[in-house]
Amino acid sequence: MSKIISVHSYRGGTGKSNTTANLASIIARAGNRVAIVDTDIQSPGIHVLFGFSESNMDRCLNDYLWGRCPIAETAYDVSSLLPKLASNGTLYLIPSSIKAGEIARVLREGYDVGLLTDGFGELIEVLNLDYLFIDTHPGLNEETLLSITISDILLLILRPDQQDFQGTAVTVDVARKLEVPKILMTINKAPESLDFDDLKQQVESIYGIPVAGVLPHSDKMMLLASKGVFALHFPDDPLTQVVEGIAKQIIMG
């Protein structure tokens, strides 16, 4: 039974795309068939982590949304980037366009959000997926609400910041009303001077939702500067170990 995991943050800059890429890579490397869809159509970015640019992206999610091709034709197999890949392990990326004209068209005309639901189902069937990760647009808009609604797991990313705390409370309220089966939280970019256990307990008491992991601020992550997936470059780093723990919780359901 395949699972749909939406990774969301109320505000931008939380490390949502990096977290999505790391989790999907770890779960695929363990022998699962995984795909990532970048539905942050207004400001796409996760493609950079897998070495894509405008010059080597022939087709993308926008082509499906404008009726130019089936969504499965926009999927790129990036499994070759995963070291020590277990048998059957596969990772696909479905990027959004970074062409200014395509982004402007979305902002100007919008698109049929209902197509995303059909597309997600088609990807799961055609690619025989175990896990579909949706990298959402920050905040709450129509496509984000759709992604949350159809999710088996909603993973909320927030920083130890009051603006993030208040915005995340809105998202949690919406997700509960939409009856998402499972909600997890991840605290990212936590200064190492903080007591992580205390921070975890505080956040869990505020929202009544389990914190799957607390990711420390990482100079290595900053220096990598989105030139790759962190967990693949630094498999023994403490940050990677926390992400692996979150991945296990997703697999366990």
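Values in this document were obtained by computation on a predicted structure and should not be read as measured data.
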Looking at Asp161 and Arg11, is any side-chain nitrogen of the basic one under 4.0 Å from a carboxylate oxygen of the acidic one?
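Answer for the salt bridge query: yes.
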Less than 4.0 Å between a side-chain N and a carboxylate O, is that true for Lys3 and Asp152?
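The answer is no: the pair does not qualify as a salt bridge.
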Phe52 ring center near Tyr76 ring center (under 6.0 Å)
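Centroid separation for Phe52 and Tyr76: below 6.0 Å.
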Between atom [atom1] of [X] and atom [atom2] of [Y], what is the distance when rounded to the nearest 0.5 Å?
X	Y	atom1	atom2	value
Met221	His233	CE	NE2	11.0 Å
Leu82	Ile27	CG	CD1	12.0 Å
Glu73	Cys60	CD	SG	12.5 Å
Leu145	Ser6	CG	OG	10.5 Å
His8	Thr168	NE2	OG1	8.0 Å
Ile71	Leu65	CD1	CG	7.0 Å

Does any part of the side chain of Tyr10, heavy atoms only, come nearer than 4.5 Å to the side chain of Val172, both counted from C-beta?
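No. Closest side-chain heavy atoms not under 4.5 Å.
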Are Arg29 and Leu232 packed together at the side-chain level, in the sense that at least one heavy-atom pair is separated by less than 4.5 angstrom?
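Contact flag for Arg29/Leu232 side chains = yes.
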Answer yes or no: is there a donor N or O on one side and an acceptor on the other, between the side chain of [X] and the main chain of [Y], under 3.5 Å?
X	Y	answer
Thr136	Val7	yes
Ser79	Leu91	yes
Asp38	Pro44	no

Would Val174 and Leu155 show up in the same hydrophobic cluster when neighbours are defined by side-chain heavy atoms closer than 4.5 Å?
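Val174 does not cluster with Leu155.
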Are Ile157 and Ile5 connected into the same hydrophobic cluster when the rule is that any two of I, L, V, M, F, W, Y join if their side-chain heavy atoms are below 4.5 Å apart?
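Same cluster: Ile5 reaches Ile157 through Ile, Leu, Val, Met, Phe, Trp or Tyr contacts under 4.5 Å.
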Salt bridge (charged side-chain N to carboxylate O under 4.0 Å, His left out): which pairs involve residues 199-224, sequence neighbours left out?
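For residues 199-224: Lys200-Glu204, Lys220-Asp237.
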Sort and list the pairs that fulfil salt bridge (charged side-chain N to carboxylate O under 4.0 Å, His left out) and have at least one residue in residues 167-179, not counting sequence neighbours.
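Every salt bridge (charged side-chain N to carboxylate O under 4.0 Å, His left out) pair that includes a residue of residues 167-179, provided the two are not neighbours, is Asp173-Lys177.
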Full working for side chain to side chain contact (heavy atoms under 4.5 Å, CB included) between Val229 and Leu81
CA-CA 9 Å; Val229 178; Leu81 299 176; over 6 Å; no
Listed partners of Asp195 passing side-chain contact (heavy atoms from CB on, under 4.5 Å), at least two apart:
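side-chain contact (heavy atoms from CB on, under 4.5 Å) list for Asp195, sorted by chain: Asp197, Asp198.
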Set of side-chain contact (heavy atoms from CB on, under 4.5 Å) partners for Leu223, sequence neighbours left out:
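For Leu223 there are no side-chain contact (heavy atoms from CB on, under 4.5 Å) partners, ignoring immediate neighbours.
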Taking atom OH of Tyr207 as the centre, report whether more than 12 heavy atoms of other residues, nucleotides or ligands fall under 6.0 Å from it.
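Result for OH/Tyr207: enclosed.
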Counting only heavy atoms not in Asn141 (residues, nucleotides, ligands), do more than 12 fall under 6.0 Å from its CG?
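Enclosed.
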Worked verdict on Asp63 versus Thr74 for side-chain hydrogen bond (donor to acceptor under 3.5 Å, both in side chains)
CA-CA 8 Å; Asp63 292 300; Thr74 71; over 6 Å; no
Members besides Leu107 in its Ile/Leu/Val/Met/Phe/Trp/Tyr cluster (side-chain heavy atoms under 4.5 Å)
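Leu107 shares its hydrophobic cluster with Ile103.
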Looking at Ile36, Leu93, Ile94, Asn56, which one forms a side-chain contact (heavy atoms from CB on, under 4.5 Å) with His47?
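Between His47 and the candidates, side-chain contact (heavy atoms from CB on, under 4.5 Å) is satisfied uniquely by Leu93.
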Within the 3.5 Å criterion, strictly below it, is a donor on His137 or Thr144 matched to an acceptor on the partner's side chain?
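No donor-acceptor contact under 3.5 Å links the two side chains.
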Which pairs of donor and acceptor atoms, one on a side chain in residues 122-133, lie under 3.5 Å apart (sequence neighbours left out)?
unit_1	atom_1	unit_2	atom_2	d
Asp130	OD2	Arg33	N	2.8

Going through the checks in order, is the salt bridge (charged side-chain N to carboxylate O under 4.0 Å, His left out) test met by Arg108 and Glu102?
CA-CA 10 Å; Arg108 184 176 63 250; Glu102 293 284 336; over 6 Å; no
